[in-house]
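Just so you know, residue 1 is the first one in the sequence shown, and it goes up from there.
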Amino acid sequence: MIEGPGGFAVDAPDGFALGRVIAGEAELLTIAVDPAAQGAGQGRALLDAFEEAARGRAGESAFLEVAQDNAQALALYRAAGWAETGRRPGYYARVGAAPVDAILMSKSLL
């Protein structure tokens, strides 16, 4: 993914984030933090680093999608100023359970 157009990665001791910037739009593809390090601010540091890297690549706005049942991620994004802009109903399949919506979020980087 990072070798594709506009792709980049940022890292921390216990995690990483992947993103891309194309035509002024940044997409957060994923943030991953080692479960043993969760709750210590690594996710927020990676999100901040993603936003900074995206701005450095001429990103003016950013977007992402997250499963509606991922409460930790939703809390992180909302606390960082991301806003819900839409939904994809039933987007994420769940084994033995009903699928859940993808929540689309965005944030201005200007």
Side-chain angles (χ1 to χ4, degrees):
M1 291 183 141
I2 62 174
E3 292 178 6
F8 66 93
V10 294
D11 63 355
D14 295 306
F16 66 91
L18 298 177
R20 64 180 157 207
V21 178
I22 299 174
E25 285 190 332
E27 180 180 11
L28 177 61
L29 299 167
T30 194
I31 288 183
V33 175
D34 183 327
Q38 290 179 355
Q42 294 262 348
R44 182 58 188 255
L46 287 164
L47 184 58
D48 291 346
F50 160 80
E51 292 176 10
E52 183 178 331
R55 281 186 201 96
R57 290 167 172 76
E60 298 175 1
S61 62
F63 66 96
L64 60 83
E65 66 181 43
V66 60
Q68 77 177 41
D69 61 355
N70 190 340
Q72 278 187 299
L74 283 166
L76 169 67
Y77 300 139
R78 288 179 177 136
W82 291 71
E84 183 175 337
T85 56
R87 287 183 179 245
R88 291 187 177 122
Y91 186 78
Y92 291 104
R94 296 290 186 253
V95 175
V100 298
D101 294 355
I103 296 177
L104 309 175
M105 302 184 87
S106 67
K107 180 178 180 176
S108 173
L109 298 176
L110 298 177

- Task: Would you check if there is a donor-acceptor pair between the side chains of Y77 and Q72 at a distance under 3.5 Å?
- Result: no

- Message: Just verifying a value: how many Å separate L74 CG and Q68 CD, rounded to the nearest 0.5 Å?
- Response: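 One gets 8.5 Å once the value is rounded to the nearest 0.5 Å.
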
- Task: Begin from the C-alpha positions of K107 and E51 and carry the test salt bridge (Lys or Arg N to Asp or Glu O under 4.0 Å) through to its verdict.
- Result: CA-CA 9 Å; K107 180 178 180 176; E51 292 176 10; 2.9 Å; yes

- E52 atom CD, neighbour heavy-atom count above 12 within 6.0 Å: no

Write down the atom of [X], the atom of [Y], and the distance for their closest heavy-atom approach.
X    : Y    : value
F50  : A26  : CZ-CB, 4.0 Å
S108 : L110 : OG-N, 3.2 Å
A53  : F8   : CB-CE1, 3.5 Å
A67  : R94  : CB-NH2, 3.3 Å
R20  : P5   : CB-O, 4.1 Å
V21  : R57  : CG1-O, 3.4 Å

Using side-chain heavy atoms (C-beta onward) and a distance below 4.5 Å, is [X] in contact with [Y]?
X    : Y   : answer
L18  : V10 : no
L104 : F63 : no
T30  : F16 : yes
R78  : E84 : yes

- Item | Candidate pair Y91 and E65, rule side-chain contact (heavy atoms from CB on, under 4.5 Å), full reasoning | CA-CA 10 Å; Y91 186 78; E65 66 181 43; 3.0 Å; yes

- Stepwise side-chain contact (heavy atoms from CB on, under 4.5 Å) check, Y92 with D69: CA-CA 10 Å; Y92 291 104; D69 61 355; over 6 Å; no

- Linking I/L/V/M/F/W/Y whenever their side-chain heavy atoms sit closer than 4.5 Å, directly or via other members, would L76 and L64 fall into one cluster?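 Yes; L64 is reachable from L76 via cluster members.
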
- Task: Answer yes or no: is there a donor N or O on one side and an acceptor on the other, between the side chain of D101 and the main chain of R87, under 3.5 Å?
- Result: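 Pair absent, no side-chain N/O of D101 close to backbone of R87.
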
- Let me see the working for L109 and S61 under side-chain contact (heavy atoms from CB on, under 4.5 Å), right down to the final yes or no. CA-CA 5 Å; L109 298 176; S61 62; 5.6 Å; no

- Task: Decide side-chain contact (heavy atoms from CB on, under 4.5 Å) for L47 and L28; before the verdict, give the C-alpha distance in whole Å, the side-chain angles of both, and the deciding distance to 0.1 Å.
- Result: CA-CA 9 Å; L47 184 58; L28 177 61; 3.9 Å; yes

- Salt-bridge present (E60, R55; N to O < 4.0 Å): no

